[in-house]
Undergrad: 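What follows is a single structure, and I will ask about it in a moment.
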Amino acid sequence: MDFTMLITVILTAITLVAGAYVVAKLIGPRSYNAVKGEPFECGIPTRGSSWIPINVGYYLFAILFLMFDVETLFLYPWAIEVKNFGAAALLSIGFFLLVLVFGLAYAWRKGALEWK
């Protein structure tokens, strides 16, 4: 890729983001209400703090799900083109699946998949 092309892409991205921000500021609503800044839960006023600690296990479980879900998406294009690549494709996907299995075994052994 040419250096001038890279600079052009970066400047275009910066210009589009800045332009969208300026347009939003110009045509967006300007009213502020203190109620808008409060946390909202089904119309019922909250009692106490809305910031409560949540078990990190939920986040870890969600991240593991997303990780394996996205990695599964990588299998689809491989399955479509496997006939064109031959034995090299089988070896590469075998290694890919081996890494996935080791990652799953590691998460399982560390207890990341258990609800406590």
Side-chain angles (χ1 to χ4, degrees):
M1 184 189 264
D2 193 354
F3 183 70
T4 57
M5 181 69 94
L6 179 66
I7 296 297
T8 304
V9 169
I10 291 172
L11 288 177
T12 303
I14 290 171
T15 303
L16 288 175
V17 170
Y21 182 75
V22 168
V23 169
K25 283 293 186 183
L26 289 176
I27 66 174
R30 291 185 178 85
S31 65
Y32 177 76
N33 188 347
V35 177
K36 290 182 182 179
E38 293 181 10
F40 178 76
E41 292 186 22
C42 304
I44 301 170
T46 58
R47 286 181 278 174
S49 174
S50 296
W51 294 96
I52 57 173
I54 296 177
N55 188 358
V56 177
Y58 296 120
Y59 296 112
L60 183 60
F61 194 82
I63 288 172
L64 284 172
F65 171 77
L66 286 174
M67 181 180 72
F68 286 109
D69 192 42
V70 169
E71 288 175 349
T72 303
L73 287 175
F74 288 137
L75 293 175
Y76 182 73
W78 171 83
I80 301 256
E81 294 293 325
V82 70
K83 288 182 182 178
N84 297 337
F85 294 124
L90 287 175
L91 287 175
S92 65
I93 204 62
F95 180 73
F96 181 76
L97 290 174
L98 185 69
V99 170
L100 281 180
V101 168
F102 280 142
L104 180 62
Y106 177 77
W108 197 335
R109 183 170 174 108
K110 288 290 187 178
L113 303 176
E114 296 177 11
W115 297 105
K116 294 180 184 176

Undergrad: Among residues at least two apart in sequence or on other chains, which ones pass side chain to side chain donor-acceptor pair (under 3.5 Å) with Asn84?
TA: Glu81
Undergrad: Once rounded to the nearest 0.5 Å, what's the spacing between atom CG of Leu104 and atom CE of Met67?
TA: 8.5 Å
Undergrad: Test: ring pair (Phe, Tyr, Trp, His ring centres under 6.0 Å). Region: residues 60-80. Which pairs qualify, not counting sequence neighbours?
TA: Phe61-Trp115
Undergrad: Can you name the side chain to side chain contact (heavy atoms under 4.5 Å, CB included) partners of Leu98, sequence neighbours left out?
TA: Phe102
Undergrad: List, one per line, each side-chain donor-acceptor pair under 3.5 Å for residues 9-20, sequence neighbours excluded.
TA:
from	atom 1	to	atom 2	distance (Å)
Thr12	OG1	Thr8	O	2.7
Thr15	OG1	Leu11	O	2.7

Undergrad: According to the side chain to side chain donor-acceptor pair (under 3.5 Å) rule, which pairs have a member within residues 64-74, sequence neighbours left out?
TA: none
Undergrad: Other than Phe85, which residues form its hydrophobic cluster under the rule that side-chain heavy atoms must be closer than 4.5 Å?
TA: none
Undergrad: Flag yes if Tyr106 and Leu97 sit in one hydrophobic cluster, no otherwise; membership is Ile, Leu, Val, Met, Phe, Trp, Tyr, and two members link when side-chain heavy atoms are under 4.5 Å apart.
TA: no
Undergrad: Is there a path from Val99 to Leu75 through hydrophobic residues (I, L, V, M, F, W, Y) whose side chains come within less than 4.5 Å of each other?
TA: no
Undergrad: May I have the list of side-chain donor-acceptor pairs in residues 89-96 shorter than 3.5 Å, sequence neighbours left out?
TA:
from	atom 1	to	atom 2	distance (Å)
Ser92	OG	Ala88	O	3.3
Ser92	OG	Ala89	O	3.0

Undergrad: Hydrophobic clustering (ILVMFWY, side-chain heavy atoms < 4.5 Å, transitive) - are Leu64 and Tyr59 grouped together?
TA: yes
